[in-house]
Amino acid sequence: MQRIPGEAFTPAAGEAAADGAPLVGVLALQGDVLEHVSMLRKAGAEAVVVKRPEDLDAVDGLVIPGGESTTIGKLAEMYGLLDPLRKSIDEGLPVLGTCAGAILLSRKTLFADGTPADQPLVAVLDAVTRRNAFGRQVASFEHDLEVAGIDGGPVHAVFIRAPWFEEVGSAVTVLAAVGTPDGKRTVVVRQGAVMAAAFHPELSGDARLHAAFVKMVNEVRGGQ
Ligand code: GLN
């Protein structure tokens with residue numbers, strides 16, 4: 001595990017954080033890794049980057065950032081991370097997937113035109129995602145989003161070539177949706193300790209989604 005230089009002290013694997021804060025890893029294969037580290041710290045967690053299967057044993061929770069889901073999936077496969085990720089999450093490791101991270105967590109993903117995309121997935125979330133779902137006109141947009149369980153007004157959400165959740169299973173709770181001309185589209189979900197958001201919560205300066213995740217990590221830790 002590698003330390004990220006920064007203002008705050010970041011413990012390495014196995015070192016307890018001084019104040020008992022949970023240790024949350026950020027999967028560092030591609031994407032906004034440092035931004036997530038910084039938001040996790042803002043949300044009261046210690047943060048480390050995760051690159052190898054053994055890093056997973058040391059963390060209390062994991063964030064899978066946005067980026068390009070095919071690239072992250074292929075790199076995860078190449079580094080032997082795909083099965084360990086699936087196993088750790090199945091065994092209860094709390095995880096937050098954002099944008100491409102949400103796609104990776106889903107059991108199946110579709111291209112924008114609705115045809116199935118054949119790419120490596122962690123497949124721990126009973127949901128089908130549609131990649132680049134909002135179409136070219138609104139490839140990127142910002143939206144003030146009411147998220148169930150997050151107090152203090154809407155979250156300013158940045159969507160960048162974002163997916164949506166096309167279908168979710170009965171164990172999945174929808175936490176937020178965006179209105180489109182064709183109806184509401186699900187963009188934030190939770191299934192047990194798996195949370196997934198179609199937007200980039202690391203980019204708006206608002207750490208409330210990370211804080212909700214850190215709270216969940218603490219609840220899982222407390223219950224052990
Ligand atoms: N469009 C990307 C994908 O399908 C996700 C975009 C993002 O993470 N910002 O993988």
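Not measured: the values here are computed from a predicted model. Atoms within a ligand are numbered from 1 in the order they appear, just like the ligands themselves.
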Do His156 and His143 have their ring centres less than 6.0 Å from each other? no

Check: Thr129 and Leu110 side chains under 4.5 Å, non-hydrogen atoms: no

What I'd like to find out is whether the side chain of His210 reaches to under 4.5 Å of the side chain of His36, using heavy atoms alone. yes

Salt bridge check: are Arg86 and Asp83 linked by an N-O gap of less than 4.0 Å? yes

In the structure I gave you, are the side-chain heavy atoms of Pro22 and Glu46 within less than 4.5 Å of one another anywhere? no

Counting only non-hydrogen atoms and a 4.0 Å cut-off, the residues near ligand 1 are Gly66, Gly67, Glu68, Ser69, Cys99, Ala100, Ile103, Arg131, Asn132, Ile160, Arg161, His200

Do you know the tightest heavy-atom contact between Glu202 and Met39? CA-CG, 3.8 Å

